[in-house]
Each structure stands twice: as C-alpha cells, then as structure tokens.
Chemist: 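Let me give you the structure first, and then I'll get to my questions.
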Amino acid sequence: MGVKGSCDIQEVVASPMEWEGQGGRGASQLSANLHSQHSIVSRLQRDGVNMAEGRRKVRVEERLKIKIGEAKNLQCRTHGSVNQRDVYCTLSLDQEEIFRTSTMERTLDPFFGEEFQFEVPRRFRYLSVYVYDRDRHLKQDKVLGKVAIKREDLHTYHNKDHWFPIVPVDADSEVQGKANIEVKLDPVLKGEADVGQQNSRVTVRLIECSDLTIKNGNCDPFANVTMCYSNSKQESRRTKVKRKTVSPHFDEVLVFELPNSRGQNHDRDTYSLQHEQDVEFSELRITLWHDSPGMADNMFLGEVKIPLRGLQQQQFAASNKWYFLQPRSHKNHSYSRSPGNSGFPPGTHQDSLGTLRLNIHYTADHVFSSHVYDPLRQLILQSTQIEPVTSSAAYILGEIVTSKVDAAQPLVRVFMHYGEIVPMIRALARWEISKVTDANTIFRGNTLVSKMMDEAMKLAGLHYLHNTLRSSLDLVFRERKPCEIDPARVRDPAMIEANLTNLKEYVENIFEAITTSALHCPSLMCQMFHDLKELASTRFPDNREVRYSVISGFIFLRFFAPAILGPKLFDLTTEQIDSQTNRTLTLISKTIQSLGNLVSCRSAQQTRKEEYMSALYKAFCTKKHMQAVRQFLEIISASSDPGHRTLDSPVILKEGVMIKRAQGRKRFGRKNFKQRYFRLTTQDLTYSKTKGKEPLCCIPLDQILAVERLQEDSFKMKNMFQIIQPERALYIQANNCVEEKEWIDILTKICQTNANRLERYHPSAYINGRWMCCQAPSEVAPGCSDVSQGLEVGLQMDLDPDRELQRIHSLFIAHMDRLDRLRSACECQAVYTGDMCFLPSFIIEDVQSCFKMLNQLRETVFNLEQEHRSYLKLLTRETKYGSKQAPIGDDNYLLLAARVRHQDSSQLRITCSLPK
C-alpha cells in the first residue's frame with residue numbers, strides 16, 4: 001500500500017556531542033546512507049515541489065561523466081562471410097540518445113575508450129548504454145543489447161571500473177514517462193434498498209501524460225483503457241489519438257459498471273458479459289500506444305495497472321494521481337536481478353550477450369542559498385594564508401579523498417571565482433617542490449597541486465586551446481591521410497615511408513601552431529607558469545633545464561597532448577572519429593609529448609621505448625625545434641602579466657548541426673524546418689547549409705535580446721529553444737536535451753551583459769495571428785514571462801562557487817572517517833609540543849594548527865549537514881506519493897519516507913557518530 005497524502009516524517013537530529021565517541025563504523029555508514037538519500041530526494045526536487053512560503057530555496061545540480069571502455073565476448077553474426085561485427089555504443093537518458101561512440105570494425109571485443117561528460121538537463125529514470133552492430137550486409141544497424149542502470153543506483157558504481165552484463169533489448173521494456181489518472185468509484189443506486197451495496201461503477205478520467213517515448217522519430221499516442229473483472233472477463237475503451245506530442249492532454253472520461261448493476265436496456269453484445277451477482281472489479285489497466293497506421297501493429301509505450309479488488313484497494317485508487325508507466329509484463333519472462341547490473345528495468349533478460357566495462361562518475365548536489373556556505377567558504381579561502389600549507393583546509397581535503405581529481409575540480413573553481421587560484425597554486429607548489437630531491441620528479445606524482453593545475457588550465461585555457469589547435473586538427477579530420485608507421489600494424493611495409501611523411505607533416509603543422517601561440521596564452525596560465533619556474537629554479541639553482549621542464553610537463557604533456565588524443569572531450573570536434581584517424585591522433589599526441597621533453601634529459605630515454613617511432617623523433621630532435629620550444633616556454637612564463645593577451649580573430653565557442661524554422665514564415669509546415677550548421681563565436685552566431693559553406697545568416701551577439709526554451713505545444717517538437725532578436729525570434733531544435741541545454745547556457749552567458757537584454761519574453765511561438773502562451777494578438781506585445789537569469793560572463797561565466805562548496809561539503813562527509821583518523825592522530829601525537837607527525841600518507845608539519853583546522857572543519861561540516869537533514873525532512877513531508885514529483889509505480893519515494901520515519905535517536909547517533 002502506498003501513502004495517501006503527505007508523509008509526516010519525524011525529524012531526528014544528532015547534536016555535535018553525539019557525533020563523537022561512537023566508533024569508527026559510523027562515518028562510512030553516514031556517507032553511504034546520505035548518498036542514497038540524496039540521490040532519491042534529488043529526483044523529487046528536480047520537478048520543483050511547492051513548499052511552504054519562506055522555505056529556503058534549494059536547487060539540484062547533477063553532473064554525469066561516463067567512460068565507455070570496452071566490450072568482451074559479443075556474439076558473432078549468424079549471416080554473411082564475416083562473423084565479426086562493426087560495433088558502436090550510444091548513451092541514453094531513458095530512451096533519448098545523448099552521445100554516440102566511434103565504430104570499432106571487425107571485432108567481437110571492441111575497445112572504445114571514449115569519455116562523455118555533461119550537466120544533466122532533466123530528470124531521468126535510467127542511464128542506458130546500447131550496443132549496436134553496423135551491418136552493411138543488411139544495410140541497417142542492429143541493437144545487440146544494453147546496459148541500463150537505475151538513477152538511484154549510480155552511486156554504487158561511482159568512480160570505478162565495473163563490468164556490466166549486456167542484456168537483450170525488449171521492445172516492451174523500452175518505456176518512459178508517466179500518466180495522470182483520476183479514478184472515482186460509486187454505487188449505482190436504483191432504490192432505497194441499494195444504499196449499502198458495493199461500488200458498482202468506476203469513472204476513469206485520463207487527464208494527461210508526460211515524457212513519453214519517441215518511436216521512429218514521432219509520438220502519436222492514444223490509450224486503451226481496460227477494466228478486468230473477477231470472472232476473467234475484460235472490457236476495453238480507446239481514446240482519441242494525439243498527434244506529434246510526447247506530453248498528450250487527453251482529458252477523456254470513461255465509465256465502467258459491474259454487469260449485475262446495468263439496466264435492462266443495456267447493450268449486452270457490446271460488453272459480452274453475463275449478469276453475475278458475484279462479479280467484482282479486479283484491475284484497471286491503461287495502456288499507451290503509438291499509432292502506427294502503416295505498420296502491422298501499434299507500438300507499445302507503457303502501461304499502468306491499478307488494482308481494484310476489495311474495498312481497501314478501491315479506497316487508495318479513488319483519487320487523482322500520477323503513475324509511472326511500466327513495462328508490459330509477460331508470464332514467461334524471468335526478471336531476476338543480476339548482481340553485476342543492479343537496477344536494470346523489468347523486461348530485460350539475463351542471457352549472456354557479452355559484457356561492457358564502464359566507469360561512471362555521477363554527482364547530485366543540493367545547493368542552498370549562498371549565505372549557508374559562508375563558514376565553509378571562509379575556511380577554504382583561508383588556505384592561501386595558512387602556514388604551513390599542510391594545515392590548510394584545501395590541503396587536508398586533497399589528502400583525505402580517494403581521488404585527487406575529485407578534490408581538485410571544486411577547489412579550483414572556488415579559488416578561481418574569488419581570484420585566489422594563483423596564490424593557492426603557488427603555496428601548494430612551494431611545499432611540494434621543497435620536498436623533492438630530484439628535479440626530474442617535480443609534479444610527476446598524483447598530487448593535489450598537479451591535478452589543480454590540470455583543472456585550472458582547462459578552465460582558463462579552453463578558448464586558447466581551440467584557437468591554437470582547431471585548424472590543424474580539422475585538416476587531419478578532413479584529409480584522413482594514413483599515418484601508421486608501426487610495422488606490426490601495416491599490411492604493406494612499402495607504405496611505411498609514405499605514412500611517415502604524412503605524419504611528419506601533421507606533427508610539424510601542430511608543433512608550429514603551438515610554438516607560435518605564446519602571445520595568446522591566457523594571463524592566468526602565464527602567472528602560474530611564472531611562479532612554477534621561479535620556485536623550481538630557486539630549489540635547483542644548478543639545473544639549467546628545470547626552468548623549462550617544470551612548465552613543459554604541464555603545457556605539453558597535460559594540456560596540448562590530451563586534447564589532441566581526445567578532441568571530443570575538449571570540444572575540438574563534434575564529429576565521429578574513425579579508427580584510422582584515432583590512430584593518427586595517438587601518434588601525433590605521442591610525438592607532441594616527446595617534443596615537450598626536448599628541454600629535459602628524459603627525451604633521450606623516451607626515444608628508445610618504441611623503435612618504430614625513432615625516425616620520427618630524430619626528425620624533430622633538432623636545434624631548431626629545441627630552440628622553438630624554449631622560446632615558447634620563456635614567453636608564456638616571462639612575467640605574471642605579459643603584454644599582448646587579446647585575440648584578434650574570433651574564437652569558436654560551439655558549433656554543430658541543428659534544425660531551424662525559417663525566419664519570417666507565418667504558417668506552420670514541415671518544409672519550414674531545415675537542417676543547418678550553426679557556429680557560435682565570440683563575435684556572432686551564424687548558420688550555413690553545411691560545415692564550411694558561406695553563412696546564410698549572421699546574428700551579432702549584441703543583437704541577441706534573450707535565449708529561452710520554447711514550449712513544446714508551439715510546434716509539437718521537443719528540445720526547441722528561441723533566440724530573440726529585435727525584429728523576430730529564431731526557433732531552433734537541438735538534437736537532444738543535453739545539446740539544447742548547452743546551447744542555451746552558453747548563448748545566455750555570453751549575451752548576459754547586452755544593454756538591450758529583455759526582462760520578459762513569450763515562452764511559446766507566435767502562430768496564426770496570436771501568441772500561443774498568452775493569446776495576445778499583437779506580434780509586438782510585451783512578454784508574459786520573466787527571462788531566465790544567467791551566470792556571470794567572462795572567464796568566470798562557468799563558475800558556480802556555491803555549487804562547488806556543496807561538492808566540497810559532500811567530499812568531507814563521504815570521507816569523514818579519514819578526517820577523524822587524522823584528527824585522532826593529531827590528538828595523540830604531541831598536541832601541545834608542536835612536533836611533526838608522520839602518517840602513512842600524510843605529513844602533519846604543525847600538529848597544533850592542523851588539529852585546530854580539523855576541529856573547525858568538523859564543526860562546519862556538521863552544521864551544514866544539519867541544514868541538509870532539515871531540508872530532507874521538509875521535502876519528504878510535503879511531497880505526496882502520487883503527485884507529479886513522486887508518481888506511483890516507483891519505490892524511491894517510499895524508501896526515502898521509510899528511512900526518515902523509522903530513524904530513531906539511537907540509530908542516528910550510530911549512523912552519524914564519528915570517532916574522536
């Protein structure tokens with residue numbers, strides 16, 4: 001039974017004293033429990049639950065990074081002369097494709113090694129990876145299977161490689177969306193003697209559905225409403241078809257009566273039911289279908305089953321509720337859960353189709369108002385002034401986390417937002433370099449400062465990276481010259497010489513682009529490189545090469561080389577990269593890394609690693625190339641404020657294919673929607689017929705008044721947004737929800753400071769002489785909705801310090817057991833003497849200051865967690881099971897409500913206890 005009405009959750013809160021002295025198991029239980037609760041509550045929060053007035057505003061920010069590694073033991077083809085397959089994968093949120101990998105040809109064990117990361121733009125139930133075979137013989141792509149992970153289970157596999165079984169794709173299980181259904185049960189009264197009889201009439205009102213699955217590019221839904229009786233008879237009705245919408249509004253009323261309550265004139269043939277005194281209602285079944293007039297069968301979209309047998313079930317069903325659509329069940333299907341694939345949907349099978357290795361990094365942060373983070377913000381920003389730096393909050397966070405990258409990313413964004421990233425990097429680098437005895441090992445380990453440098457370069461140098469590499473890489477993608485020089489990979493050895501020539505040409509082109517770009521290197525990167533050079537030169541005054549090697553290790557090995565190896569990760573291309581071009585990029589990246597080592601003694605060692613690369617290395621190990629590298633490194637580290645830093649030519653920010661509606665058209669029609677290639681630069685937005693063609697339209701950025709989503713009812717199309725100009729609006733459809741959000745975000749950010757920016761806009765289109773949102777007849781009528789508020793523009797436009805501080809808080813909570821072990825060590829090891837304390841992976845240089853910081857962090861983290869617990873209780877109490885935010889048919893809300901309701905004081909003290 002579900003919960004009817006709101007859940008009244010009794011709040012149980014531990015005091016700071018209760019966090020202490022309860023044993024070491026508490027912290028790990030705390031992090032696991034909170035992670036699970038937060039993943040559930042984020043789903044409830046995503047749709048915007050209406051809380052009591054005055055409740056603090058909390059926003060949910062989700063980020064997903066997934067690396068599709070490799071597949072093993074795929075089944076071979078059963079037709080054609082080639083048993084192996086051409087395999088690719090697609091990444092989907094529910095059934096909406098977001099990304100696609102390259103195709104690995106002629107293999108049953110494909111290696112992809114591709115990584116995708118994005119901000120989650122909407123609520124989803126399953127993250128799915130579909131495995132396809134590109135079959136040229138049948139001239140169609142065949143789905144081999146999938147891995148589907150329930151959203152609430154993503155944290156189980158967080159930040160670690162995991163092998164998932166590939167399960168078959170069942171059309172009846174490819175379901176998403178929800179339905180709003182109102183059910184009323186009434187007795188049919190014929191006289192005074194019938195007042196106490198059972199409910200004998202059911203009135204069903206199918207109000208609307210939301211987020212249905214798109215089938216073959218369309219969604220034309222209708223519903224079959226079936227009443228099942230206790231005598232195994234059924235009675236069905238069908239609604240009207242709603243065309244071209246995934247959120248149909250039906251608002252149809254259907255009435256069902258028990259056969260023994262119908263009048264004498266009732267049409268018996270219509271229902272084929274006998275008058276039986278003992279017949280009862282058993283189950284109401286609403287099945288959604290996609291109308292497919294040209295096909296043999298309509299396509300299944302999902303179903304809802306509402307039990308009606310007995311008074312108790314009828315009382316629960318008798319209301320207006322939202323229900324998740326469910327897969328169609330089959331009696332002969334087995335839905336056993338696999339321990340390797342926790343949370344895949346019902347309707348999938350467990351036959352062995354191979355396995356897929358994935359690495360998933362998923363975070364869902366509940367971000368409070370900025371003032372809530374003031375104490376934590378103060379502790380973090382003080383890290384630049386704490387002496388020694390090992391007693392700072394930033395350093396402590398980097399030491400207690402399992403992955404340094406997890407700590408580096410939010411720390412860099414916070415320090416960069418407040419203009420403190422350079423002094424923070426300098427403080428950490430000074431300490432690390434002071435502990436190094438060999439100049440060749442500087443920043444070679446997996447340390448916090450090296451990961452923070454990587455992240456800072458990505459944020460500050462992305463535009464610089466694009467401006468430097470894009471044209472050279474576009475040439476590689478366009479020409480696709482063979483560059484393989486490994487004899488073990490080349491069928492005809494005679495081709496090696498020609499391939500080497502091609503590779504030299506590409507490497508020389510990219511090398512020149514890099515070494516001539518010094519004047520365009522961002523000031524922030526130059527300041528960091530300058531500090532690193534000075535610190536290293538001071539530490540090793542007799543080593544003439546260290547001033548170069550300390551910088552080249554970052555700019556070549558950690559900045560340019562990774563971007564060449566994975567251009568899609570750095571938005572250098574949106575196109576699929578074939579296996580030959582991937583191999584070419586690998587060889588170029590290896591060579592660029594070796595060229596970065598020309599200024600250190602390690603270069604001679606690297607040339608001996610792979611014999612087939614020797615000829616290439618020798619071609620570039622010349623005085624000319626060494627001089628070019630040194631000159632480049634000197635310029636980008638010459639001072640903290642180099643002279644010329646402005647870019648004369650526009651920088652490409654984003655580009656890709658989308659569908660636009662012809663501007664100025666008055667009537668709606670499919671011919672008005674055309675595919676175009678869009679390109680956004682720092683100066684304007686243009687679109688052309690295809691990539692490389694002359695622009696058909698150019699919109700200066702200062703002419704963009706607002707960028708907003710377009711309501712689906714305008715054109716019955718998903719993922720649409722509008723670019724509002726002084727004279728008209730340009731309507732655009734993105735390929736998926738992630739791409740739509742990315743375009744809206746970046747356009748909003750770069751146009752945020754436009755002097756003529758609108759305050760209000762129309763969320764729907766102007767069609768047939770009136771605005772569809774407010775029905776105003778004038779095309780120049782003032783907007784009826786407030787425009788969205790964007791973030792700050794410039795280098796900091798992508799930075800959200802409150803969100804990053806929440807991420808830092810979550811990291812401290814997840815690793816609270818390590819924080820307290822460190823605190824215990826400080827407490828035991830000469831707290832009052834100030835002696836240095838050595839732990840297996842941590843050096844406490846000043847015990848007193850470190851102990852003080854640990855106590856401050858502990859108290860701050862606890863107080864912030866109390867805010868989360870209060871909010872969690874409020875959200876759960878005011879969210880109704882059966883509302884649009886918590887539809888019936890999924891147990892996540894009930895699990896959360898049960899957890900919060902049944903936690904008593906003693907349980908919470910154990911869960912939240914932290915050792916002294």
Side-chain angles (χ1 to χ4, degrees), residues 1-10 44 49-50 178-209 223-237 250-262 271 273 276-288 302-326 329 876-898 900-902:
M1 281 294 294
V3 179
K4 187 176 181 180
S6 62
C7 290
D8 186 12
I9 310 300
Q10 182 180 4
L44 305 179
V49 181
N50 291 325
K178 49 196 172 187
N180 186 199
I181 303 167
E182 183 179 23
V183 179
K184 292 183 179 179
L185 292 100
D186 303 294
V188 178
L189 302 179
K190 303 175 192 174
E192 295 182 1
D194 297 327
V195 173
Q197 75 174 43
Q198 65 176 350
N199 293 322
S200 51
R201 175 190 292 150
V202 175
T203 303
V204 181
R205 180 186 173 207
L206 178 58
I207 302 173
E208 62 177 316
C209 296
N224 274 338
V225 181
T226 303
M227 177 62 72
C228 302
Y229 297 93
S230 58
N231 61 354
S232 301
K233 300 296 179 66
Q234 297 181 353
E235 182 180 358
S236 296
R237 312 282 178 82
F250 293 102
D251 201 16
E252 294 194 32
V253 177
L254 307 169
V255 180
F256 299 90
E257 294 183 8
L258 289 176
N260 55 341
S261 66
R262 298 170 184 165
Y271 299 94
L273 293 169
E276 302 178 16
Q277 295 297 324
D278 297 332
V279 175
E280 297 179 346
F281 294 118
S282 177
E283 182 180 72
L284 177 65
R285 185 181 306 149
I286 298 95
T287 308
L288 275 295
E303 69 179 7
V304 173
K305 294 181 179 181
I306 304 176
L308 297 175
R309 187 182 291 271
L311 184 60
Q312 190 177 24
Q313 290 184 349
Q314 291 179 7
Q315 287 178 344
F316 176 73
S319 60
N320 184 334
K321 291 185 174 71
W322 281 87
Y323 297 81
F324 270 128
L325 295 180
Q326 300 294 338
S329 59
T876 311
R877 174 181 293 167
E878 299 192 10
T879 301
K880 293 184 178 180
Y881 187 53
S883 66
K884 192 173 184 178
Q885 292 75 34
I888 296 171
D890 207 348
D891 60 355
N892 295 313
Y893 172 77
L894 296 180
L895 288 173
L896 177 64
V900 180
R901 186 188 302 113
H902 293 114

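Numbers here simply count residues along the sequence, with the first being 1.
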Chemist: Between Ala223 and Leu288, which heavy-atom pair has the shortest distance, and what is it?
Modeler: CB-CD1, 4.1 Å
Chemist: Using side-chain contact (heavy atoms from CB on, under 4.5 Å) as the criterion, list what pairs up with Lys184, not counting sequence neighbours.
Modeler: Glu182, Asp186, Thr203
Chemist: Does any part of the side chain of Asp251, heavy atoms only, come nearer than 4.5 Å to the side chain of Arg205, both counted from C-beta?
Modeler: yes
Chemist: Nearest 0.5 Å please: distance from the CG atom of Leu185 over to the CD atom of Gln315.
Modeler: 10.0 Å
Chemist: Could you pull out the closest heavy-atom pair between Leu308 and Gln313, with the gap in Å?
Modeler: N-OE1, 3.6 Å
Chemist: So which atom in Cys209 and which in Ala179 form the shortest heavy-atom distance, rounded to 0.1 Å?
Modeler: SG-CB, 3.8 Å
Chemist: With side chain to side chain contact (heavy atoms under 4.5 Å, CB included) as the test, would you mind laying out the steps for Val304 and Leu325 before giving the verdict?
Modeler: CA-CA 6 Å; Val304 173; Leu325 295 180; 3.7 Å; yes
Chemist: Roughly how far apart are Gln234 CD and Met227 CE, rounded to 0.5 Å?
Modeler: 11.0 Å
Chemist: Has Lys305 got a side-chain atom pairing as donor or acceptor with Glu283's backbone, closer than 3.5 angstrom?
Modeler: no
Chemist: Applying side-chain contact (heavy atoms from CB on, under 4.5 Å), name anything that partners Leu254, two or more places apart in sequence or on another chain.
Modeler: Val225, Arg237, Phe256
Chemist: I need the minimum non-hydrogen distance between Cys228 and Arg285, along with the two atoms involved.
Modeler: SG-NH2, 3.7 Å
Chemist: Distance check, rounded to the nearest 0.5 Å: Glu280 atom CD versus Asn231 atom CG?
Modeler: 10.5 Å
Chemist: Which value, rounded to the nearest 0.5 Å, describes the distance between Ile306 atom CD1 and Ser282 atom OG?
Modeler: 12.5 Å
Chemist: Sequence neighbours excluded, which residues qualify as side-chain contact (heavy atoms from CB on, under 4.5 Å) partners of Ser236?
Modeler: Thr226
Chemist: Kindly give the heavy-atom pair with the smallest separation between Phe250 and Leu206, and that separation in Å.
Modeler: CB-O, 3.4 Å
Chemist: How far apart are the closest heavy atoms of Tyr323 and Ala317, and which atoms are they?
Modeler: OH-O, 4.5 Å
Chemist: Mind checking whether Lys880 and Trp322 have side chains closer than 4.5 Å, heavy atoms only?
Modeler: no
Chemist: Check whether any side-chain heavy atom of Phe316 lies under 4.5 Å from a side-chain heavy atom of Lys321, and answer yes or no.
Modeler: yes
